[in-house]
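Notes to accompany the following structure.
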Amino acid sequence: MLRNGAAGGGPAAGGRAAARPVRVWCDGCYDMVHYGHSNQLRQARAMGDYLIVGVHTDEEIAKHKGPPVFTQEERYKMVQAIKWVDEIAPGAPYVTTLETLDKYNCDFCVHGDDITLTIDGKDTYEEVKAAGRYRECKRTQGVSTTDLVGRMLLMTKAHHSNIDEDLDYRKHTDNFGKGPKGHSPWTGVSQFLQTSQKIIQFASGKEPQPGDTIIYVAGAFDLFHIGHVDFLEKVHQLAEKPYIIAGLHFDQEVNRYKGKNYPIMNIHERTLSVLACRYVSEVVIGAPYAVTADLLDHFRVTLVCHGMTEVVPDKDGSDPYEEPKRRGIFQLVDSGSNLTTDLIVQRIIKNRLEFEARNQKKEAKELAVLEAMRRLEEEKH
């Protein structure tokens, strides 16, 4: 079990030292874990002292929503890498019951303000809501697993900025953010807007301490996934007191060396995804592609690490790691994982029809619920 790396600030911080710690329960699929999941868990953790996260099995997800992108073992490890999570409960049931809360000695469960239904259209939190052991947190606008899948299937660059617009994109420009709920015509999900407050909420705020080994890693960290987590965990193990700084390249830079429609996530989204990882202490937003002497000196870097993926030369053909290699502080790290962003996209495209069917099914179910709620309101009046 990994302890939470985030600062305190839950109810226990207010002087209830003698009281029993408040144990909070969250559950979900946590497929293609993104900053929306992390933000939910951050809010849930702030409501108590100890957060347990139940993660559904592949079988349960396939039954209710369609096939997941990641295996249950991958999803377990991804959730455990989020710094606000104290403990995970593998194989949690899809429907949250009082029995589950009591089994893990949890006071209440927390879920976002969106609707979660079983295959037969029932609210998965009905029982705990009736018992008064349900709390709600704000859903993060602008991202969902369905949205990310949609971005890949559409193979469009509309999700990141300063890219030449194609004809289809221009055709929809006037409709961006103007739907009944500010939805994007590409994915049906609101476009994410970064704020300084959101970054502050995700950042640890911890400065390097005397004796810390400051380690620098750089990359796109697109669709922050288990391959990234495995790499960062291995880097974290290189020192007794590691302070890992992750340099994130701007969207245009990532597109230069990755091509196609990468990055899938824009720089703001990737920043929050990496900040949520318990192994990362700090993020450089828009880091230079070449690891320069100025960067190394400014952050007092003692070690620079890169995974086993290909290092693409800089625009002038030079090695971006030339300076740390010259200083003798460069190290290749084998994470033991071969999962890359490309492989994730391949998984999705391979099962394209299944994912599209899942997305259409989810939209139809949500529309049916909204229509039922509308009719109830009309009957009241």
Side-chain angles (χ1 to χ4, degrees), residues 32-39 42 81-83 140-145 147-152 154-166 169 176-177 184 186-187 189-205 216-225 227-229 231-232 244-277 279-292 294-295 298-299 306-307 309 311-312 314-315 320 340-342 344-345:
M32 290 178 60
V33 171
H34 50 69
Y35 61 90
H37 294 125
S38 300
N39 195 36
R42 178 191 65 80
I82 296 173
K83 63 184 177 183
T140 305
Q141 293 297 317
V143 69
S144 69
T145 302
D147 171 44
L148 294 175
V149 170
R151 294 185 195 183
M152 284 173 269
L154 287 165
M155 297 301 282
T156 175
K157 295 178 184 177
H159 52 270
H160 52 85
S161 60
N162 299 325
I163 298 295
D164 290 337
E165 300 171 359
D166 59 26
Y169 180 65
F176 259 86
S184 156
W186 295 105
T187 61
V189 178
S190 303
Q191 299 301 291
F192 175 70
L193 296 175
Q194 182 68 287
T195 63
S196 58
Q197 182 61 32
K198 187 62 63 185
I199 293 176
I200 291 168
Q201 289 171 343
F202 272 59
S204 68
Y216 183 75
V217 298
F221 292 99
D222 195 16
L223 290 177
F224 192 75
H225 53 69
H228 297 132
V229 168
F231 167 68
L232 291 168
I244 298 176
I245 301 174
L248 269 62
H249 302 141
F250 277 130
D251 300 336
Q252 296 92 325
E253 190 67 61
V254 175
N255 191 252
R256 178 187 71 81
Y257 64 80
K258 288 283 288 181
K260 300 178 184 176
N261 68 321
Y262 294 111
I264 302 298
M265 283 184 158
N266 66 43
I267 183 67
H268 306 301
E269 297 174 307
R270 291 184 283 119
T271 296
L272 295 185
S273 297
V274 176
L275 280 174
C277 179
Y279 303 118
V280 175
S281 302
E282 181 64 286
V283 166
V284 180
I285 304 170
Y289 187 66
V291 182
T292 62
D294 286 344
L295 185 148
H298 178 79
F299 291 108
H306 184 78
T309 55
V311 177
V312 178
D314 205 347
K315 294 174 184 176
T340 64
T341 305
D342 283 328
I344 294 171
V345 174

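The residues of the chain are indexed from 1 along the displayed sequence. Atoms considered below: every heavy atom in the structure, side chains included; atoms not considered: hydrogens, waters and symmetry mates.
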* Structure fact -> Residues N261 and N255: closest non-hydrogen pair is C-ND2, 4.3 Å

* To do: Starting at CG of N39, measure out to CD of Q201 and round the result to the nearest 0.5 Å.
  => 6.5 Å

* **Rounded distance (nearest 0.5 Å) linking atom CG of L272 with atom CD1 of I267** => 10.0 Å

* Asked: Minimum heavy-atom separation for Y279 to I244, with atom names?
  -> O-CD1, 3.3 Å

* Would you say the side chain of V311 lies within less than 4.5 Å of the side chain of P320, judging by non-hydrogen atoms? -> yes

* Mind listing the closest non-hydrogen atom pair of Y257 and A220 along with its distance? => OH-N, 3.4 Å

* Nearest atoms (heavy-atom pairs only) where G247 meets A287 -> CA-CB, 3.7 Å

* Asked: Roughly how far apart are S281 OG and L275 CG, rounded to 0.5 Å?
  -> 10.5 Å

* Between F202 and Y35, ring centroids under 6.0 Å -> no

* Separation of L148 CG from H34 NE2 (nearest 0.5 Å) -> 5.5 Å

* Just how far is it from atom CG of L248 to atom CE of M265, taken to the nearest 0.5 Å? -> 11.5 Å

* Considering non-hydrogen atoms only, spot the tightest contact between A218 and H249 and give its length. => CB-NE2, 4.0 Å

* Aromatic ring pairing F221/F224, orientation class (parallel under 30°, perpendicular over 60°, tilted between) -> tilted

* Asked: Could you give the distance from CG (D147) to CE (M152), rounded to the nearest 0.5 Å?
  -> 9.0 Å

* To do: Apply side chain to side chain donor-acceptor pair (under 3.5 Å) to the pair T341 and D222, showing each step before the final yes or no.
  => CA-CA 7 Å; T341 305; D222 195 16; 5.2 Å; no

* Minimum-distance pair of heavy atoms, taken over all atoms of A81 and V229 -> CB-CG1, 3.7 Å

* **R270/E253 ion pair, N-O < 4.0 Å** => no

